[in-house]
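Taking it in order: structure first as structure tokens, then the write-up.
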Amino acid sequence: MAYKSFEEYNDEVTGDVTNRYKHIIEDLGEDTQREGLLKTPERAAKAMQFLTQGYEQDPVEILKGAMFKESYNEMVIVKDIELYSLCEHHILPFFGKAHIAYIPNGQIVGLSKLPRIVDVFARRLQVQERLTKQILDCINDTLKPQGVAVVIEASHMCMMMRGVQKQNSVTTTSGFRGQFEKNETRNEFLKLIGK
Ligand SMILES: [Zn+2]
């Protein structure tokens, strides 16, 4: 086998969260000794650690690991980046797409790093507004481009499954720095991502 991917979990955290999930599931009226639920607390504990792994990752380091001197100074766009996060108010998923653009200022970044930055910030308890700003600020402060733009479109399970049950509503957030604060540049970007 040439490649093997594996997941690593902190045993102490897994044990602790597993016990708490067991109590939560029982409090909700279920029987944790039922066959289908026997391993659920542990699986849920591992799933939550996976979904919040962003706390232990350094987005600045990821960007800095793939920055290259380059004289290209046109807009670079990565659109339709899949995004999965957890709303910090209900710990329910929100998911959708992120679109990122920047105009280099002597340096470019490996394109695969932009989706990774999205993941690092998305795999935490979030609100969509802050997620947008954190991605924007991280790219702006690290790469120091002439401009950067981030648009996120997401559906929130806490709206779709409970409360107002607006099943088809999509929340859009955006942030712009530098050249993208000019209408002309911003509009070009929005047109290119189909907005
Ligand atoms: Zn929510």
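Numbers here simply count residues along the sequence, with the first being 1. Hydrogens, waters and symmetry mates play no part in the numbers below; they use all other heavy atoms, side chains included. As the structure is a computational prediction, the values presented were derived from the model and not from experiment. Start at 1 and go down the list; that is how both ligands and their atoms are numbered.
The atom name of the N/O/S atom in His90 closest to the Zn ion (ligand 1) is ND1.
Residue contact annotation: Cys87 places an N/O/S atom under 2.8 Å from the Zn ion (ligand 1). Residue contact annotation: His156 places no N/O/S atom under 2.8 Å from the Zn ion (ligand 1).
Looking at Asn140, its side chain never comes within 3.5 Å of a backbone N or O of Leu136 through a donor-acceptor pair.
By the 30° and 60° cut-offs, the orientation of the rings of Phe180 relative to Phe189 is perpendicular.
A heavy-atom distance below 4.5 Å is not found between the side chains of Val148 and Leu143.
Across all their heavy atoms, Thr14 and Tyr9 have their closest contact at OG1-CB, 3.6 Å.
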